[in-house]
Structures are given as structure tokens and as C-alpha cells.
Amino acid sequence: MNKRVEEVLNEQIIKEASSSHLYLSMASWAENEGYNGTAKFLYKHSDEERFHMLKLVKFINERGGIAKIPAIEKPPISFDSMIKIFSSLLEHEITVTESINNVVDVCLQEKDYTTHNFIQWYVSEQLEEEALARTIMDKLKLIGNDKGGLYLFDRDMENAAITPETVGGEE
Ligand code: FEO
């Protein structure tokens, strides 16, 4: 497989693994704070990111490259508030989108149309994830510090879908 493409895909593995780790830490914080619906959503989100990572590992290896499983930086343990969690989640997803766009760029420069085709799945996934994070942020801004509002928000998050058809599934 093209070396530059292999390199950026391996960098993307780091991004997806870090996302999974970060959301896992957020889930654990939310669970300990009594936000069980949000915790459930974030545990699912963390699984989803692991799936994104796995898909890259398999693709690189199937195409004759070598997937590198990275060491992951320790994520924060404490997150202060729900709004802090989701603003940092949105910020994080925006950097992931930039990184996916960079993979697209490199594929085009190297004329690797197979990987270009493969990475389109991530392009649409990022669109969905950013949109969902923005919707959640809008809700939280409306709620502010209202405890009753936060209680209802958390209850709704239990059923908020983070592309459930791919969580734990095969692609
Ligand atoms: Fe796999 Fe949310 O980026």
C-alpha cells in the first residue's frame, strides 16, 4: 500500500483510539455523578470509536500495509459539568473531521482511489457525529443550571442513538 496513505491511516488509528479512551473516561465520570443516561450514551460512543479504529486496522492489513496499535495518552478523569463534557466532545470531533479531511487529501494526491472510497464512510460518519454533538450542546445551553432540565436531559440521553447499527457490528 502507498506509504504516505499508510502513514495517515495509522495516524487516524491514534485519533480513533484516543476518542474511544476519552469518551470512556467521560462515561465513567457521568456514571459516578449519577447521570446514568448520559453514561450509557458515552459508553456506546466509546465502543463506536473503537469500531472506527478496528475498521482502519483491518483495512490497512488487508491492503498489505502494517497497522500500528498505539499507546494512548491518559484522558482527564474529571469533567466538571455536562456542558463541559459535550463542548469538549464537539471540539474533539471537529479535530477528528480535520484529520479525516487530511486523509482524503493525501488519497487524492497519491491517486489512491480505493482508500479514498473507503474513507468516505468516515466523512459521512463525521458529519453525523458533529451534527449530533451540536444538537446536544444546543439543548444543554437552553437548560443551563436547571436541575430538573438536566434530569430530563439525562433521561433522554439514555435513548439517544449514536449510529447504533455499527456499534459492535461488522462492516
Ligand atoms: Fe470516529 Fe467520532 O470519530
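Atoms within each ligand, like the ligands themselves, are counted from 1 in listed order.
- With no hydrogens or angles considered, no side-chain donor-acceptor pair links H45 and E48 at under 3.5 Å.
- Closest N/O/S atom of E16 to atom 1 (Fe) of ligand 1: OE1.
- Judged purely by distance below 3.5 Å, without hydrogens or angles, the side chains of S99 and Q12 pair a donor atom with an acceptor atom.
- Because the distance cut-off is set at 2.8 Å, E129 qualifies as a neighbour of atom 2 (Fe) of ligand 1 through one of its N, O or S atoms.
- Between E7 and R4 there is no salt bridge, since no side-chain N of the basic residue sits under 4.0 Å from a carboxylate O of the acidic one.
- Within H52, the N, O or S atom at minimum distance from atom 1 (Fe) of ligand 1 carries the name ND1.
- As for E49, its N/O/S atom nearest atom 2 (Fe) of ligand 1 is the one called OE2.
- In summary, E125 places no N/O/S atom under 2.8 Å from atom 2 (Fe) of ligand 1, failing the contact criterion.
- Nearest heavy atom pair, residue A30 against residue L42, reads CB-CD1, 4.4 Å.
- We find that R134 and E130 are joined by a salt bridge, their nearest charged nitrogen and carboxylate oxygen being less than 4.0 Å apart.
- For residue E48, no N/O/S atom approaches atom 2 (Fe) of ligand 1 to within less than 2.8 Å.
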